[in-house]
Amino acid sequence: MLVAFSVSPTTSDAPDGSVSEAVARAVRVVRDSGLPCETTSMFTTIEGEWDECMAVVKAACEAVAEVSPRVALVLKADIRPGWTGQMTAKVERVETRLRRGEGADGGAC
């Protein structure tokens with residue numbers, strides 16, 4: 001399965017409201033898990049079995065909770081038993097279609 005999630009404190013003592021310190025704690029948990037992962041500006045995606053993915057999400061939330069009394073979690077999952085390597089394969093399938101000129105015309109993202 002793929003799990004894309006975002007975890008952050010709902011409060012911050014930083015003068016600019018930044019939550020990057022707490023988010024870095026969560027991302028460290030993810031990277032230390034050994035699961036395939038990718039972090040973007042909005043989400044971190046991990047790939048693995050249900051129990052191992054949910055354990056990482058829980059541990060990431062706990063890491064943020066160590067520095068904040070309240071934690072927000074947004075989670076999206078693609079549950080497709082028997083498939084692996086989909087973090088990159090799904091993107092490659094779309095890129096292949098775009099190279100062939102399939103899909104709507106439009107600008108770059």
Side-chain angles (χ1 to χ4, degrees):
M1 78 184 299
L2 294 175
V3 175
F5 71 102
S6 172
V7 59
S8 64
T10 58
T11 62
S12 171
D13 291 335
D16 64 354
S18 176
V19 295
S20 62
E21 181 182 351
V23 171
R25 296 169 68 88
V27 172
R28 175 57 48 215
V29 167
V30 170
R31 292 183 180 175
D32 288 350
S33 75
L35 293 180
C37 63
E38 177 182 55
T39 299
T40 65
S41 62
M42 297 291 291
F43 288 93
T44 294
T45 302
I46 56 178
E47 183 171 19
E49 296 299 320
W50 180 276
D51 289 341
E52 60 190 358
C53 287
M54 292 304 133
V56 171
V57 171
K58 181 179 181 184
C61 290
E62 290 169 343
V64 173
E66 291 173 0
V67 296
S68 177
R70 192 170 183 182
V71 177
L73 172 66
V74 176
L75 184 142
K76 181 176 182 179
D78 180 358
I79 304 162
R80 196 173 185 191
W83 292 74
T84 59
Q86 294 306 294
M87 191 177 317
T88 55
K90 288 174 71 166
V91 174
E92 184 53 39
R93 286 191 294 272
V94 171
E95 292 295 337
T96 297
R97 290 182 177 278
L98 290 169
R99 284 191 298 274
R100 292 192 302 223
E102 297 175 18
D105 292 335
C109 53

Are [X] and [Y] connected, step by step, through hydrophobic side chains (Ile, Leu, Val, Met, Phe, Trp, Tyr) whose heavy atoms are closer than 4.5 Å?
{"X": "V7", "Y": "F43", "value": "no"}
{"X": "V74", "Y": "I79", "value": "no"}
{"X": "L75", "Y": "W50", "value": "yes"}

Side-chain heavy-atom pair [X], [Y] within 4.5 angstrom cut-off:
{"X": "S6", "Y": "M42", "value": "no"}
{"X": "E52", "Y": "L35", "value": "yes"}
{"X": "D78", "Y": "R80", "value": "yes"}
{"X": "R93", "Y": "Q86", "value": "yes"}
{"X": "L2", "Y": "K90", "value": "yes"}

State, to 0.1 Å, how close [X] and [Y] come at their nearest heavy-atom pair, and which atoms those are.
{"X": "C37", "Y": "I46", "answer": "CB-CG2, 3.9 Å"}
{"X": "G85", "Y": "E47", "answer": "N-OE2, 2.9 Å"}
{"X": "V64", "Y": "A26", "answer": "CG2-CB, 3.8 Å"}

Give a yes or no on whether R97 atom CZ has more than 12 heavy-atom contacts from other residues, nucleotides or ligands under 6.0 Å away. no
Can you tell me if R70 has over 12 outside heavy atoms packed within less than 6.0 Å of its CZ? no
Working to the nearest 0.5 Å, report the span between CD of E49 and OG1 of T84. 9.0 Å
How many angstroms lie between atom OG1 of T45 and atom CD of E38, to the nearest 0.5 angstrom? 6.0 Å
Test of understanding: with side-chain contact (heavy atoms from CB on, under 4.5 Å), list the residues that count as partners of E66, not counting sequence neighbours. R25
Residues two or more places apart in sequence or in another chain: which of them pass side-chain hydrogen bond (donor to acceptor under 3.5 Å, both in side chains) with S41? none
Using a 4.5 Å side-chain heavy-atom cut-off and chaining through intermediate ILVMFWY residues, the residues clustered with V23 come out as V19, V27
Flag the pair E92 and R99 as a salt bridge only when some basic side-chain nitrogen lies within less than 4.0 angstrom of an acidic carboxylate oxygen. yes
Sole residue of V3, V29, V30 in side chain to side chain contact (heavy atoms under 4.5 Å, CB included) with T44: V30
